[in-house]
Amino acid sequence: MADTNRPTRARAGSMRSAASRAAAERPSAERPAPLPPAASPEAEPPEAMLPDGPWLDYLDPGFLKRAYPHWAADVASFEDAAAAFKRFGFPELAALSEAHAFDPEYFAEANPAWQGAQPLEAFRTWLMEGIGAGRPGSPTAHLRRLGLALDAYPACFPWKLYAALRPSGGAHRWAALDDLCEGGFGQVLDRLPFGADAAPFLAALGRLFSQKDDGLAIHAYEIALRLGTLPPADRQHLADAYLRLDMCRPAFDLYREVVASPDANAWTIRNLSRCATRLGRQAELRTAVETAHARLADAPMWFEAVTDATDAIFRCLENRARALIAEHRYEEAERLLVAECTRMAGWAEGLLPPPAFPREGGEAGGTVLVLANLDDPVSAERQITRKLPLLDALGVRHRVVSYQTTDGFLDALPEAAYAVFFRVPALPLVLRCITAARRRGLPTYYATDTGLHAAAHAEPAAAFRGYITGADYDGLRFAMPLYRAAAQLCDFGLAPTGRLAEGLRPLVAQRHAFAVSDLPDAPERPAPQADGERPRIFFSSRALMFLDNVTGTPGGALLRLMDENPAPELCISGPVHLDPAFDRFAARLRHLGQPREPRAHRTELARAAVALLALPATAEGEYEAEAAWFEASAAGVPAAALLPDGALPRLRSGENVLRAARAPDWRECIGRLLADATLRGRIAAGAQRSIADDAIAETARRALAQALAAGKSLTGAKTT
């Protein structure tokens with residue numbers, strides 16, 4: 001029954017006797033003298049023997065009704081309960097509540113100053129003074145206050161020997177137990193003769209100490225383990241203490257034992273994963289998680305446990321791969337990374353719980369969910385921002401999420417029909433997203449605008465000429481296989497050119513990649529040059545490039561051009577390193593550096609007389625040349641391109657560009673454009689007509705529609 005007179009309880013609880021206040025102010029070392037014998041109930045009503053005091057704050061009317069129905073069954077309010085307790089409960093030494101029982105024998109033993117007092121005297125003293133001071137009234141309450149998970153005083157504790165070893169510990173067994181739990185254990189643990197029957201007591205001490213002193217907890221648990229069998233729950237507590245002290249090896253062995261027991265939980269796996277990361281024992285971790293899967297698959301936090309295990313396995317894999325890379329064993333490191341990342345994704349996919357929401361996707365109007373690497377803003381604009389209008393034209397919803405905030409991707413999966421992964425490496429967070437998309441049956445696409453080279457075809461460190469450190473180069477060699485591994489986990493490929501798509505086809509699961517062209521910016525009016533302004537040559541490269549003073553190279557051609565033409569100014573954008581021979585043109589040279597955002601150098605480009613294209617004859621080089629041509633054409637700037645024959649047939653020499661296959665011919669093209677304003681205007685106009693051609697957008701739209709249709713067909717095949 002609920003209290004119906006709470007103000008009465010509060011008022012009664014505030015009524016403290018002068019004796020109670022004096023006891024509260026008395027120094028703790030001073031023991032009160034025993035009270036005089038109590039009057040008998042026949043001579044004086046029991047209520048008069050028990051004034052209001054702190055005990056009222058602990059009175060539980062509901063407990064009284066359940067525990068003492070012979071005198072509290074008719075209690076209807078807190079006031080009734082207090083009166084009934086005074087009249088009947090006090091003489092009976094009744095408990096105030098479930099947690100506040102009173103044992104006169106215990107009280108006399110634990111409080112020597114009250115030894116010899118009658119039980120009713122001791123009970124009154126405890127109610128009026130002891131309970132307010134936090135003194136327990138029974139063995140159970142004392143053990144609970146200490147934090148010992150025991151049902152009774154540990155008979156195995158040699159308290160007399162303990163008191164002899166530590167005289168300050170107290171003169172009776174409860175004081176000795178208090179001192180032991182407060183830290184005395186660490187002073188005498190090697191001198192106490194614990195027997196085999198002490199294992200439960202030592203385990204209880206271990207649980208207590210693990211909350212405040214891991215060193216003491218480990219000592220207690222280890223002694224208990226030597227004396228007998230330690231339950232799995234206590235083994236986990238011991239392993240936790242080891243882990244907190246960074247003792248990963250013994251912790252790992254204990255966690256493995258616990259995993260095989262019915263007491264294992266998700267935290268066992270999560271802490272085992274932390275140890276495995278430090279020790280490099282991913283194979284044993286993998287086996288332990290597979291062992292626990294049958295029992296814990298439906299347990300709370302199982303997803304987090306598998307996630308932690310996947311992260312730990314990846315860290316171990318990373319350490320092994322970096323060690324191989326440090327020894328220049330690049331191909332071996334690549335085989336390890338690609339194979340293990342693929343295996344890891346499949347392993348996690350088989351262990352994770354089923355998707356929380358059944359998927360309705362696959363229909364034409366389903367959302368295209370993109371997990372994108374937005375660290376390169378130029379690539380992100382070309383491959384994502386500019387291509388979103390293609391999805392709009394197809395009537396397809398879309399959402400883009402950074403790969404560094406994968407929670408947004410996972411949250412949006414229920415509404416997705418397609419999953420696209422743009423230039424992301426197979427890091428644990430990305431693997432989690434790919435795995436989640438696959439488990440929901442979504443068609444997956446790997447999109448990139450750069451080649452995914454195998455280790456055997458990567459540029460050697462010498463090619464960077466010292467402009468990146470050895471650590472940077474090792475990081476590059478570590479990252480390259482991760483991009484290939486992520487591509488291998490996807491169904492299809494997406495790339496901006498046919499050559500880049502060809503490079504993706506052998507990697508993706510369906511061996512099919514689609515070339516979806518970039519969409520150029522709308523043409524702009526050329527920026528007028530100011531009177532007397534030097535004609536500007538604009539040269540850009542997104543890749544690391546060296547302009548050397550070597551005949552037959554782009555650098556040699558530009559140096560000779562600048563020597564022959566004293567008027568032009570050379571403006572350079574991107575990570576381009578110049579031969580010292582260019583120093584003599586410092587007055588006519590501007591190096592803008594790496595653009596920080598996609599349109600950072602557009603203004604400088606728009607003021608140029610000629611744009612230069614000269615990139616390596618690779619799939620990436622051709623793509624970058626075409627992208628640079630798009631930008632120059634939109635700005636109304638004619639371009640001179642140094643490209644191999646047959647590359648980029650859209651760039652037609654004499655119509656929308658002047659192109660050459662050799663550096664000397666390229667220098668001649670630049671000179672012609674600088675010298676002939678009419679030619680510049682004609683080439684620029686032709687280029688703007690080319691990029692304004694709706695065929696580019698239509699071709700890209702059709703290619704993207706085919707890619708989505710292939711994904712839809714694949715989804716249908718999976719579900720039939």
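Keep in mind that this is a model prediction, so the values were computed, not measured. For reference, positions follow the sequence shown, starting with 1.
Side-chain contact check for Glu290 and Trp347: at least one donor-acceptor pair (N or O, by modelled atom type) lies under 3.5 Å. Between Asn373 and Gln404, the side chains place no donor N or O within less than 3.5 Å of an acceptor N or O (distance only, hydrogens not considered). In this model, a donor atom of one side chain and an acceptor atom of the other lie less than 3.5 Å apart for Arg542 and Ser379. Side chain to side chain, Glu626 and Thr497 fail the donor-acceptor criterion of an N or O pair below 3.5 Å. Neither side chain, Tyr446 nor Asp491, offers a donor N or O lying under 3.5 Å from an acceptor on the other. Counting only N and O atoms by type, the side chains of Tyr242 and Asn271 include no donor and acceptor under 3.5 Å apart.
The backbone N or O of Arg432 sits nowhere less than 3.5 Å from a side-chain atom of Thr435 that would complete a donor-acceptor pair. When atom types are taken as modelled, the side chain of Thr406 and the backbone of Tyr403 share no donor-acceptor pair closer than 3.5 angstrom. Under the 3.5 Å distance criterion, the side-chain polar atoms of Arg439 are matched with a main-chain donor or acceptor of Glu349. Remark: the backbone N or O of Asp449 is not paired with any side-chain donor or acceptor of Arg382 at under 3.5 angstrom. Side-chain N or O atoms of Thr291 include one that pairs as donor or acceptor with a backbone N or O of Thr287 at under 3.5 Å. Checking side-chain atoms of Thr277 against main-chain N and O of Ser273 turns up a donor-acceptor pair under 3.5 Å. A donor-acceptor pair under 3.5 Å is formed between the side chain of Trp666 and the backbone N or O of Ala640. A donor-acceptor contact shorter than 3.5 Å links the side chain of Glu334 to the backbone of Ala455. A donor-acceptor pair under 3.5 Å is absent between the side-chain atoms of Arg399 and the main chain of Leu369, judged by distance alone. Without hydrogens or angle criteria, Ser261 side chain to Asp263 main chain gives a donor-acceptor distance under 3.5 Å.
Using the six-membered ring where Trp is involved, His237 and Tyr221 have ring planes that are parallel, under 30° apart on the 30 and 60° scheme. A parallel orientation is assigned to the rings of His577 and Phe546, their planes being inclined by less than 30° (bins at 30° and 60°). Using cut-offs of 30° and 60° on the angle between ring planes, the pair Phe514 and His512 is parallel.
In this structure the side chain of Ile572 never reaches within 4.5 angstrom of the side chain of Arg590, judged on heavy atoms. Residues Ile434 and Arg438 have side chains in contact (heavy-atom distance under 4.5 Å, counting atoms from C-beta outward). For the pair Thr310/Ile313, no side-chain contact is recorded, criterion being any heavy-atom separation below 4.5 Å from C-beta on. Inter-residue side-chain proximity for Leu225 and Arg235 is flagged as met; some heavy-atom pair is nearer than 4.5 Å. Annotation: side chain of Leu704 is in contact with side chain of Leu391 (closest heavy-atom distance under 4.5 Å). Considering only heavy atoms from C-beta on, Leu279 comes within 4.5 Å of Arg249 through its side chain. In this structure, the side chains of Leu558 and Phe582 come closer than 4.5 Å at one or more pairs of heavy atoms. Within the 4.5 Å cutoff, no side-chain heavy atoms of Pro496 are placed close to those of Ser517.
Between the OG1 atom in Thr618 and the CD atom in Glu624 there is a gap of 9.0 Å [rounded to 0.5 Å]. Summarising the geometry, atom CG belonging to Leu272 is positioned 9.0 Å from atom CZ belonging to Arg281; distances are rounded to the nearest 0.5 Å. With rounding to the nearest 0.5 Å, the separation of CD in Glu622 from CG in Leu651 is 10.5 Å. Summarising the geometry, atom CZ belonging to Phe478 is positioned 4.0 Å from atom CD belonging to Glu318; distances are rounded to the nearest 0.5 Å. The distance from atom CG of Leu482 to atom SG of Cys341, rounded to the nearest 0.5 Å, is 5.5 Å. Residue Cys571 holds its SG atom at 9.5 Å from NE2 of His591, rounded to the nearest 0.5 Å.
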Exercise. Start with the C-alpha distance between Asp518 and Lys387, add both sets of side-chain angles, then the distance that settles salt bridge (Lys or Arg N to Asp or Glu O under 4.0 Å), and finish with yes or no.
Key: CA-CA 7 Å; Asp518 284 354; Lys387 289 183 177 174; 3.3 Å; yes
Practice problem: Under the side chain to side chain contact (heavy atoms under 4.5 Å, CB included) rule, what do Glu620 and His453 come out as? Steps first, then yes or no, please. | Solution: CA-CA 11 Å; Glu620 301 100 308; His453 302 294; 2.5 Å; yes
Quiz item: What do the steps show when you test Tyr418 against Leu442 for side chain to side chain contact (heavy atoms under 4.5 Å, CB included), and what is the final call?
Solution: CA-CA 5 Å; Tyr418 313 89; Leu442 302 183; over 6 Å; no
Practice problem: Mind running side chain to side chain contact (heavy atoms under 4.5 Å, CB included) on Gln488 and Val508 for me, showing each step along the way? | Solution: CA-CA 5 Å; Gln488 288 186 0; Val508 294; over 6 Å; no
Exercise. With ring-ring contact (aromatic ring centres under 6.0 Å, His included) as the test, would you mind laying out the steps for Tyr467 and Tyr473 before giving the verdict?
Key: CA-CA 10 Å; Tyr467 282 97; Tyr473 184 74; over 10 Å; no
Quiz prompt | Full working for side chain to side chain contact (heavy atoms under 4.5 Å, CB included) between Glu631 and Leu605 | solution = CA-CA 9 Å; Glu631 292 180 358; Leu605 169 62; 4.1 Å; yes
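Between Arg274 and Asp246 there is no salt bridge, since none of the side-chain N atoms of the basic residue sits less than 4.0 Å from a carboxylate O of the acidic one. For Glu284 and Arg256, the salt-bridge test passes: some basic side-chain N is under 4.0 Å from an acidic carboxylate O. The pair Arg477-Asp474 does not meet the salt-bridge criterion, since no charged nitrogen lies less than 4.0 angstrom from a carboxylate oxygen. Ion pairing between a basic and an acidic side chain is recognised when a charged N comes within 4.0 Å of a carboxylate O; Arg499 and Glu502 show no such pairing.
Taking the centre of each ring, Phe492 and Tyr445 come in below the 6.0 Å mark.
A 6.0 Å sphere centred on CZ of Arg505 holds more than 12 heavy atoms belonging to other residues, nucleotides or ligands. Within a 6.0 Å radius of CZ in Arg465, other residues, nucleotides and ligands contribute more than 12 heavy atoms. Heavy atoms from other residues, nucleotides or ligands lying under 6.0 Å from CG of Asp298 number 12 at most. Few gaps surround CZ on Arg602; more than 12 heavy atoms of other groups in view lie less than 6.0 Å from it.
The shortest heavy-atom contact between Ala380 and Leu374 is CB-CD2, 3.9 Å. Between Ser210 and Ala217, the shortest heavy-atom contact is N-CB, 3.4 Å.
The cationic group of Arg423 does not satisfy the cation-pi geometry with Tyr483, failing either the under 6.0 Å distance to the six-membered ring centre or the 45° limit from the ring axis.
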